[in-house]
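On a predicted model such as this, the values are computed, not experimentally measured, just so you know. Numbered from 1 within each chain, the chains take letters A, B, ... in sequence-line order.
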Amino acid sequence: MTDPTSIPTYKPEVIETKWQKRWEADGLYHADIDPDKPKFYALTMLPYPSGDLHIGHWYAMTPSDARARFKRLQGYNVLFPMGFDAFGLPAENAAIQRGIHPKAWVFQNIEKMRGQLKSMGAMFDWRREAISAEPSYYKWTQWFFIKFFQNDLAYQKEAPVDFCPNCNTTLAREQVQGEDRHCERCGTPVIKKNLRQWFFRTTNYAEELLDFSGMDWPERVQTLQTNWINRSEGASVIFKTTTGDDIEVFTTRPDTLWGATFMVLAPEHPLVPKLTSDSQKEGVTTYQDQAKRMGNIQRESAEREKTGVFTGAYAINPVNNKKIPIWIADYVMMGYGTGAIMAVPAHDQRDFEFARKYDLPIEVVIQPPDIDPIDPEEMEGAVPASGDMVNSGPLTGTPGEIAFEKAVEYLEKHAIGEATINYRLHDWLISRQRYWGAPIPIVYCPKCGAVPVPEEELPVKLPDDVEWLPTGESPLKLHPTWRFTECPICGGEAQRETDTMDTFMCSSWYHLRYLSPYYDEYPFDPKEYDYWMPVDTYTGGIEHATMHLIYTRFFHKACRDLGITRGKEPMLQLRNQGMVLGEDNEKMSKSRGNVISPDDLVKIYGADTVRAYLMFFARWELGAPWNSSGIEGSIRWLRKVWYTFLEPEDTDRQATAQAIKNLRRKVHQTLQSVTRDFENFNFNTIVSALMELLNEMAIAKALGIFSTEAWREAESIYLRMLAPVCPHIAEEIWAQTGYEYSIHNQSWPEVDLEATREEEITLIVQVNGKLRDRLVVPADIDEESAKLAALDSENVQNFLEGKQPKKIIYIPGRLVNIVI
RNA sequence: GCCGAAGUGGCGGAACUGGCAGACGCGCACGACUCAAACUCGUGUGCCUUCGGGCAUGUGGGUUCGAUUCCCACCUUCGGCACCA
């Protein structure tokens with residue numbers, strides 16, 4: 001077979017275009033409700049229309065497509081939709097750079113990317129495409145906002161919020177990342193601004209979001225979300241100031257309350273101006289200004305020496321009525337708990353450092369059993385361990401194990417505090433001071449307040465004629481006429497809200513819009529919802545673990561409570577792919593010049609080869625660096641597939657019964673493992689199993705097996721296993737070998753268990769656990785014969801050196817281990 | 001500091017329930033084909049070896065007849081969180 005020219009060569013560019021056209025013309029991948037079939041909703045994260053389909057998109061989507069196709073062959077009615085997350089900052093920023101309108105830019109990108117996506121040969125049902133920036137889509141994004149508003153899940157408040165000075169907009173807490181607290185999009189460190197903004201009550205669902213029961217989500221994502229929500233059990237306690245104000249604190253150590261010798265408020269705490277005495281005013285204001293200027297970078301570093309200022313005010317420790325000073329310090333954060341703490345220097349390291357520096361009293365109230373009696377004068381650090389309560393009034397002597405609950409009991413009995421659970425999760429800030437987003441559908445009326453736009457007036461359309469360059473002010477505010485309107489209630493003059501919504505709002509429900517993108521009476525057609533939801537498999541990047549994947553769960557649960565959606569979770573199973581790095585093992589980027597373009601690869605190799613290689617070259621969930629010569633292996637494999645199935649055999653030999661049996665065994669064994677691997681997202685071993693089987697088939701073909709029934713069976717099974725991975729070549733060979741169109745409408749082959757059975761096995765013979773011989777024996781060999789055969793082995797005899805075996809271990813079908 | 005994941009040939013990786021470590025592919029070497037090269041095909045390819053074998057899955061222990069797999073401790077890399085009260 002040195003010159004396989006008897007048939008036309010494999011030309012992917014020809015057959016791929018041909019079949020893509022045919023499939024589209026036939027509506028092969030249309031997914032419609034079919035009550036007679038089990039449904040399968042396979043969802044993969046929708047791309048941002050940034051202009052070009054990246055190899056990362058292919059890496060994420062190809063295996064998702066292959067698995068959706070596998071499910072389809074298994075007999076499921078599979079929905080595998082695609083769309084574009086088209087609102088938001090990146091589109092707007094790119095448009096600014098190019099001086100072109102965001103809308104024009106985004107829609108021209110969508111046009112291009114749709115074509116690129118089609119070149120993958122994926123089974124997307126394009127009739128269900130949804131684009132979040134279309135009025136028919138964001139109408140319903142606005143509708144959800146109004147539902148949330150009407151049910152107290154959306155509210156406005158003035159608060160210090162994170163603001164990106166480069167993107168010129170506020171950000172949700174989740175969009176601020178890293179030690180330096182930078183913007184998720186542009187990397188600029190954020191600043192705090194006091195602004196009146198819209199929030200969703202995600203914290204209402206904090207507890208429920210911690211519950212992953214019944215969900216097949218990666219441990220990793222569960223951990224990331226759990227850490228992000230950061231639940232801690234403790235107590236809230238009210239401290240009264242000597243002037244009668246209440247200061248609420250949260251503590252995880254109510255058992256140390258008797259040791260609270262001072263209080264610390266965050267510099268931004270709203271009570272600070274009121275509490276500060278005249279003599280301390282100057283120092284306090286200076287400190288506040290300094291804290292503000294310093295920003296979060298240095299402020300949130302634990303290594304920094306603690307600083308603070310006395311306010312001049314005092315509070316009363318409610319458990320022992322001691323008068324304790326109130327300080328402000330930047331180690332207390334306004335964004336966590338209540339922004340105020342009771343300081344217990346003996347048992348908290350931060351409080352200890354602070355107390356030592358400013359010479360504040362230290363009271364020991366916990367004595368851990370395994371530590372010498374603690375002397376406050378001699379301490380070199382706080383003792384945070386739990387232990388028996390001491391110097392704690394009526395609770396003195398309470399053992400460490402029950403100290404927490406006894407202390408809470410005491411607080412509740414005396415009405416000075418109660419058990420509380422605190423979360424780090426914040427309510428979701430959804431206001432954005434940018435142009436390219438869905439307008440928040442609220443009207444401000446001087447008489448009626450914040451009034452939602454009536455449903456029949458939705459969508460509140462985003463005007464095109466806006467000066468959309470970001471200034472920190474909402475661009476819609478600068479439009480000459482857009483914001484002026486009438487109050488929907490009283491008809492008086494009123495103004496529209498000019499902020500737009502966070503794009504994560506759009507992507508929180510896109511899986512619902514796919515169900516019926518043209519439906520105009522509701523966000524989705526309830527019939528479609530009843531059939532398709534929930535999403536069975538969701539695939540996408542891990543980077544959304546604490547953003548999109550929390551928001552969409554919240555969204556679903558909130559909608560469920562409003563009677564819009566049903567069930568505990570929107571997505572039952574989640575899998576995350578890893579990242580394709582450049583050949584230099586670095587993240588791909590234009591500046592590094594290590595970007596791999598899928599378009600170029602398709603031109604050279606064809607889509608099937610790119611698909612196969614992306615599934616083969618790494619463990620999907622881990623990713624790996626790209627390897628340009630590695631992909632050659634995939635094209636070689638497909639060429640070999642081509643010739644092996646299409647070229648007539650070149651031998652006069654007649655296949656023996658044994659050869660036929662061997663072929664069938666390998667085919668059905670491979671089918672077994674490929675089926676299992678598809679189920680488990682082990683895509684790399686699917687391809688390697690297919691390569692291995694092909695190698696065996698090529699050998700079998702030389703033995704004259706080509707015209708047998710066994711070959712015909714092998715061919716049919718092989719092509720159906722290949723079809724999800726390489727849909728074009730599989731369809732082409734399927735047609736050329738005389739099967740009925742389309743391979744993608746066939747059913748997944750059944751394993752013939754009888755055929756998989758081995759007749760002979762290689763018996764491993766060990767002496768003291770070390771391999772000494774391999775014996776080919778009948779598969780059904782009994783224990784006695786296996787042991788005898790092992791002892792009989794010449795090699796074994798050499799190692800026995802005439803000694804008597806102490807013990808002989810026999811593992812049926814596998815090995816004999818002789819212990820001497 | 002806390003939480004999580006991963007460490008296997010020159011490289012990507014395989015090993016289903018504790019049972020042949022290195023499947024499959026890349027790369028490399030040699031050979032065939034060719035005027036030549038590419039393609040294609042074939043053979044070989046963990047390390048050491050006195051050719052008997054010995055050593056090898058980050059390191060060190062443990063359990064076991066037997067450990068890449070289970071347990072303990074540690075090291076390295078990556079990711080997340082972090083003065084979280």
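- Checking C83(B), G4(B), C65(B) against every side-chain atom of Arg350(A), the shortest atom distance belongs to C83(B).
- Taking the side chain of Thr685(A) as heavy atoms from C-beta on, and the options G12(B), G80(B), A15(B), the nearest nucleotide is A15(B).
- Rounding to whole angstrom units, CG of residue Leu622(A) and P of G4(B) are separated by 18 Å.
- Ionic pairing of Glu207(A) and Arg231(A) is present here: one or more N-O contacts between side-chain nitrogen and carboxylate oxygen are shorter than 4.0 angstrom.
- With rounding to whole Å, Tyr810(A) atom OH is found 20 Å from C65(B) atom P.
- In this structure, the nucleotide among A21(B), A14(B), C24(B) sitting nearest to the side chain of Arg619(A) is A14(B).
- Between the NZ atom of Lys770(A) and the C1' atom of G52(B) there is a distance of 15 Å, rounded to whole Å.
- With respect to the salt-bridge test (charged N to carboxylate O, under 4.0 angstrom), the residues Arg220(A) and Glu621(A) do not qualify.
- Taking the side chain of Asp330(A) as heavy atoms from C-beta on, and the options G12(B), C83(B), A23(B), the nearest nucleotide is C83(B).
- Out of C83(B), G27(B), G4(B), the shortest distance to the side chain of Lys306(A) is found at C83(B).
- Atom CG of Asn230(A) and atom P of G4(B) are 14 Å apart (whole Å).
- Pairing of G18(B), defined by two Watson-Crick or G-U wobble distances under 3.5 Å, is not identified with any nucleotide.
- Of all nucleotides listed (G12(B), C81(B), C24(B)), C24(B) comes nearest to the side chain of Met691(A).
- For Met579(A) and G12(B), the CE to P distance is 17 Å, given to the nearest whole Å.
- Here, U49(B) and A56(B) have their C1' atoms 14 Å apart, quoted to the whole Å.
- The gap from the C1' atom of A29(B) to that of G18(B) amounts to 38 Å, rounded to the nearest Å.
- A donor-acceptor pair under 3.5 Å links the side-chain atoms of Asp608(A) to the main chain of Ile729(A), judged by distance alone.
- For the C1' atoms, the distance from G13(B) to C65(B) is 31 Å, rounded to whole Å.
- Among the heavy atoms of the strands, none lies under 4.0 Å from Trp637(A).
- For Asn817(A), taking side-chain heavy atoms from C-beta onward, the closest of the listed nucleotides C16(B), C26(B), G66(B) is G66(B).
- One finds no salt bridge joining Arg173(A) and Asp427(A) here, because no Lys/Arg side-chain nitrogen approaches an Asp/Glu carboxylate oxygen to under 4.0 Å.
- Taking the C1' atoms as reference points, C33(B) lies 11 Å from C39(B), given to the whole Å.
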